[in-house]
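Worksheet: the structure to be examined is printed underneath.
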Number of protein chains: 2
Amino acid sequence: MAKLQKSIDKRDALVRATIDLVNNNGFHATPISKIAKLANVSPATIYLYFDNKQDLVNKVYVEVKAVFTDYAFKTYSPTMTVEEGFELIWKRIADFKLNQTRESLFLAQCDNAPIIDEASRQAGISHLKPLLDLWHRGKEEGVINEISDYLLYAYSINPLSFLMVMQQRGVLKIEASDIEQAYQAAWNSIKKCTNNG
Amino acid sequence: MAKLQKSIDKRDALVRATIDLVNNNGFHATPISKIAKLANVSPATIYLYFDNKQDLVNKVYVEVKAVFTDYAFKTYSPTMTVEEGFELIWKRIADFKLNQTRESLFLAQCDNAPIIDEASRQAGISHLKPLLDLWHRGKEEGVINEISDYLLYAYSINPLSFLMVMQQRGVLKIEASDIEQAYQAAWNSIKKCTNNG
DNA sequence: ACGAAAAAAGTGAACGTTCATTCTTTTTTT
DNA sequence: AAAAAAAGAATGAACGTTCACTTTTTTCGT
């Protein structure tokens with residue numbers, strides 16, 4: 001679609017401006033004119049890079065989600081044990097959510113409100129496949145409890161969401177020990193525990 | 001503010017219409033005109049019941065949050081043991097989130113996007129005080145681990161959010177056993193575990 | 001290596017539409 | 001008949017998008 005002799009800087013500035021403004025005002029309260037102004041660009045220029053406002057937010061979502069999953073799986077290898085892999089991925093997700101608050105807040109908004117279209121949502125979910133594969137392997141090996149796949153997300157990823165939002169709002173400052181505690185709790189919930197039933 | 005000889009039915013219809021439309025389209029993509037139409041009311045009539053659109057969504061949020069916490073704490077009594085109280089509240093929260101999806105989805109949206117104003121957000125949080133009191137009591141009695149108060153929300157409430165969203169989208173159907181598993185996992189994470197460290 | 005012509009990138013103003021809110025009139029209640 | 005409630009039409013502001021135009025970059029014959 002994009003023939004792209006166009007400035008990558010300008011496109012990046014547009015993406016950044018979109019994230020910042022959507023974080024602060026929500027998608028529908030961020031006019032194209034403000035995105036353009038923050039990116040030092042004419043409103044019309046946006047339409048050289050994106051089809052329309054919806055296409056803009058769809059693409060920003062998928063790209064940010066890709067950055068998120070790239071980070072989460074960066075140092076992971078399928079040759080790791082389930083325990084190692086889970087701990088590694090979980091902690092990198094935590095790290096991302098707590099340090100890349102710009103991106104994380106944007107993803108949280110898109111994931112909880114009808115902003116992006118269904119195809120982009122699916123594209124985002126598909127990036128999490130390595131984690132689902134690891135989860136399956138853990139169940140096959142008997143390391144992880146026999147529970148629904150969907151609980152994977154709920155147990156391992158979600159507990160940090162609230163912390164992230166609170167940190168972003170300046171309510172609390174998260175310490176390394178908090179992360180370690182949160183991880184231990186998540187893992188204890190998931191692993192097969194021989195002294196439990 | 002409201003002198004209220006006005007119809008309570010009309011007000012209820014406006015609240016219901018707001019929740020439904022915000023759930024489906026997001027706050028800023030739901031015009032006053034559509035809320036009025038769905039509630040079988042003139043746009044002008046809304047301004048007899050609410051100051052403006054922002055005031056409308058603020059009040060709907062606080063009222064829905066109150067319904068949520070009333071339900072969560074309905075059968076709870078501070079004379080219960082920490083274990084009993086925690087299980088009861090957790091399961092009622094789960095029940096609400098999974099069965100009152102209209103209200104839960106609306107709350108999730110308001111909690112994750114800059115829709116409502118800060119005062120309304122605080123008003124919503126303040127309703128959760130009984131749970132925080134229980135948490136403190138659990139720590140005093142040594143039943144609950146010495147971890148940050150903020151983790152309370154992350155551990156005990158949040159794991160259901162993802163499930164709720166998925167269920168609402170028709171991706172999965174949640175069974176009673178799933179709830180029981182999720183509760184056990186949350187509680188196992190929270191309680192002091194003598195065979196841990 | 002040069003510069004004119006063509007193409008691409010970028011722009012500010014303007015368009016039609018939609019929005020929240022107000023104004024004026026009608027209906028309902030007391 | 002007076003007052004409150006509700007309605008619908010009206011209004012000005014703001015929005016996404018397009019248009020006509022300018023500026024910058026690339027192409028290419030010499």
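Heavy atoms only: backbone and side chains are in, while hydrogens, waters and symmetry mates are out. This structure is a prediction, so every number in the text was calculated from the model and none was measured. Letters go in sequence order (proteins before strands), and every chain restarts at 1.
On a pure distance criterion of 3.5 Å, a polar donor-acceptor pair joins the side chain of Ser42(A) and the base of dG12(C).
With rounding to whole Å, Leu48(B) atom CG is found 18 Å from dA3(D) atom P. Here dA9(C) presents its C1' atom at 8 Å from NZ of Lys10(A), a figure rounded to the nearest Å. Between Leu56(A) atom CG and dC15(D) atom P there is a gap of 15 Å when expressed in whole angstrom units. Separating the CG atom of Leu14(B) from the P atom of dA5(D) is a distance of 15 Å, rounded to the nearest angstrom. A straight line from CZ of Phe50(A) to P of dT17(D) spans 13 Å, rounded to a whole angstrom. A straight line from CD1 of Ile46(A) to C1' of dA9(C) spans 15 Å, rounded to a whole angstrom. We find that OH of Tyr49(A) is positioned 7 Å from C1' of dA9(C), with the value rounded to whole Å.
Sorted by first and then second residue, the salt bridge (Lys or Arg N to Asp or Glu O under 4.0 Å) pairs with a member in residues 20-33 of chain A read Asp20(A)-Arg102(A); sequence neighbours excluded.
For Arg137(B), the salt bridge (charged side-chain N to carboxylate O under 4.0 Å, His left out) criterion is met by Glu141(B), not counting sequence neighbours. Residues passing the salt bridge (charged side-chain N to carboxylate O under 4.0 Å, His left out) test with Asp133(A) are Lys129(A), sequence neighbours excluded. With sequence neighbours left out, Glu84(A) forms a salt bridge (charged side-chain N to carboxylate O under 4.0 Å, His left out) with no residue at all.
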| Reading nucleotides 18-24 of chain C from the 5' end, what letters show protein touch, with B for base, S for backbone sugar-phosphate only, - for no heavy atom under 4.0 Å? | -SSBBB-
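Of the candidate nucleotides dG8(D), dG10(C), dT11(C), dT11(C) has the atom lying nearest to any side-chain atom of Val41(A).
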Exercise answer: donor-acceptor pairs, residues 71-78 of chain A side-chain atoms, under 3.5 Å, sequence neighbours excluded:
unit_1: Tyr71(A); atom_1: OH; unit_2: Asp95(A); atom_2: OD2; d: 2.3
unit_1: Ser77(A); atom_1: OG; unit_2: Thr79(A); atom_2: N; d: 3.1
unit_1: Ser77(A); atom_1: OG; unit_2: Thr79(A); atom_2: OG1; d: 2.7

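Nearest heavy-atom pair across Val41(A) and Lys10(A) is CG2-CG, 3.5 Å.
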